[in-house]
Amino acid sequence: MVPNDCKPDLKHVKKVYSCDLTTLVKAHNTKRPMVVDMCIREIESRGLNSEGLYRISGFTDLIEDAKMAFDRDGEKADISVNAYEDINIITGALKLYFRELPIPLITYDAYPKFLESAKAVDPDTQLEALHEALKLLPPAHCETLRYLMAHLKRVTLHEKDNLMNAENLGIVFGPTLMRAPELDAMAALNDIRYQRLVVEMLIKNEDILF
């Protein structure tokens, strides 16, 4: 009964955070969640040289405040330097957006394939496996991941100022973009280093992979 290109009604999609990514982009008719575009634009306009970018945490109350602004005002939310002087508030709001997704950016379905790519020893095999894994992502997830990785690559180009290379960003973003589908705590703990590697490889090879 439900058409394939079922489009959610915007008046029912009340929030930006904690809303399924595909539902959000369909409701707003955008390629990616506007919160991702807006935060990345803001970070690239004034934060690329900020030391410890993404690693340093912003003040939690202000991050919550930015989240509420997005939930309330959508693309009209003010995240400019006048509203949030500290760029770590904006990076914090972006990381929180990914952490609160009901289905992670790297989906549960694709998770095993991504992990498998990180466990491969040979670089060519790794890339091949990553390429296959990306095909398992829903279009909106893949597009958002592509956009984010291109941004993180640009962050690494300013490493001499911000001290953030692909490895450091992998440590920050691995558990933010990937969550183990199984509830076994020990296995999930074991996965962390591979999650880190997946993000590191995606950043380093974003030009080839996407």
Side-chain angles (χ1 to χ4, degrees), residues 6-50 52-108 137-155 158 162 164 169 171-179 195 199 202-203 206 210:
C6 170
K7 186 171 183 298
D9 189 336
L10 202 49
K11 65 175 179 285
H12 299 306
V13 180
K14 289 276 189 277
K15 291 194 308 195
V16 171
Y17 280 68
S18 315
C19 172
D20 175 68
L21 190 143
T22 301
T23 306
L24 187 73
V25 299
K26 282 193 170 175
H28 288 269
N29 200 18
T30 53
K31 276 165 70 173
R32 298 175 297 270
M34 78 294 209
V35 59
V36 175
D37 283 29
M38 287 172 68
C39 286
I40 286 178
R41 253 202 319 272
E42 194 62 32
I43 292 158
E44 296 203 349
S45 74
R46 63 182 170 104
L48 287 177
N49 295 329
S50 177
L53 192 69
Y54 285 113
R55 186 179 53 74
I56 293 173
S57 298
F59 187 49
T60 312
D61 288 3
L62 287 176
I63 293 172
E64 276 299 318
D65 193 64
K67 168 187 165 175
M68 276 160 53
F70 276 119
D71 278 341
R72 188 182 58 239
D73 307 325
E75 61 267 16
K76 293 187 179 67
D78 179 12
I79 56 165
S80 68
V81 69
N82 309 329
Y84 303 103
E85 199 181 332
D86 180 8
I87 198 66
N88 300 314
I89 305 303
I90 312 303
T91 57
L94 182 61
K95 287 187 294 186
L96 185 65
Y97 171 73
F98 288 122
R99 277 203 302 276
E100 291 198 350
L101 282 175
I103 299 169
L105 187 60
I106 289 177
T107 59
Y108 294 123
L137 293 177
H141 283 249
C142 196
E143 169 53 30
T144 305
L145 185 64
R146 179 198 68 76
Y147 190 73
L148 177 64
M149 291 304 129
H151 161 63
L152 294 180
K153 180 68 161 273
R154 287 190 289 275
V155 170
H158 295 256
N162 63 34
M164 296 302 285
L169 290 165
I171 292 168
V172 174
F173 276 96
T176 303
L177 304 181
M178 301 176 79
R179 293 198 290 278
Q195 293 173 353
V199 176
L202 286 169
I203 296 170
E206 59 84 27
F210 293 100

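Along the sequence shown, residues carry numbers from 1. Since the model is a prediction, treat every value here as computed from it, not as a measurement.
- At least one side-chain heavy atom of Phe98 sits less than 4.5 Å from a side-chain heavy atom of Leu148.
- The minimum heavy-atom distance linking Glu42 with Val81 is given by the pair OE2-N, 3.8 Å.
- Note that CD1 of Ile40 and CZ of Arg154 are 7.5 Å apart. Values are rounded to the nearest 0.5 Å.
- Under a cut-off of 6.0 angstrom, the local environment of NZ in Lys153 is crowded, with over 12 non-hydrogen atoms contributed by other residues, nucleotides or ligands.
- For Ala93 against Tyr17, the heavy-atom pair with the smallest separation is O-OH, 2.7 Å.
- Two residues are said to be in side-chain contact when any heavy atoms from C-beta on lie closer than 4.5 Å; Met34 and Val16 meet this criterion.
- In terms of heavy-atom proximity, Val172 sits nearest to Thr176 at O-OG1, 2.9 Å.
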The test is side chain to side chain contact (heavy atoms under 4.5 Å, CB included); show your working for Phe173 and Leu152 and say whether it passes. CA-CA 10 Å; Phe173 276 96; Leu152 294 180; 3.7 Å; yes
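- Between Thr107 and Leu137, the closest side-chain pair of non-hydrogen atoms falls below 4.5 Å.
- For the pair Glu44 and His151, the tightest heavy-atom approach, listed with the atom from each and the gap, is OE2-ND1, 2.6 Å.
- Interatomic distance, CE of Met38 versus CG of Leu94, reported as 12.0 Å (0.5 Å rounding).
- Looking at Arg179, its side chain does come within 3.5 Å of a backbone N or O of Arg99 through a donor-acceptor pair.
- Distance CG/Asp71 to CE/Met68: 9.0 Å, rounded to 0.5 Å.
- Contact annotation: the side chain of Arg41 approaches that of Asp37 to within less than 4.5 Å [non-hydrogen atoms, C-beta and beyond].
- For the pair Met149 and Leu177, the minimum side-chain heavy-atom distance is below 4.5 Å.
- No side-chain heavy atom of Asp20 sits less than 4.5 Å from a side-chain heavy atom of Leu101.
- Tyr97 places none of its side-chain heavy atoms less than 4.5 Å from the side chain of Leu105.
- Closest of all the heavy-atom pairs between Leu169 and Val199 is O-CG1, 4.3 Å.
- Residues Ser18 and Glu100 are in side-chain contact: their nearest non-hydrogen atoms beyond the backbone lie under 4.5 Å apart.
- Pairing each heavy atom of Ser50 with each of Ile87, the nearest pair is OG-CG2, 3.6 Å.
- We find the OG1-CG distance between Thr91 and Leu96 to be 11.0 Å, quoted to the nearest 0.5 Å.
- Here the side chain of Arg46 pairs a donor or acceptor atom with the backbone of Glu85 at under 3.5 angstrom.
- For the atom pair CG (Asn88) and CD1 (Ile63), the distance works out to 8.0 Å, reported to the nearest 0.5 Å.
- To the nearest 0.5 Å, atom CZ of residue Arg32 and atom SG of residue Cys142 are 12.0 Å apart.
- Asn162 and Tyr54 share no side-chain donor-acceptor pair at under 3.5 Å.
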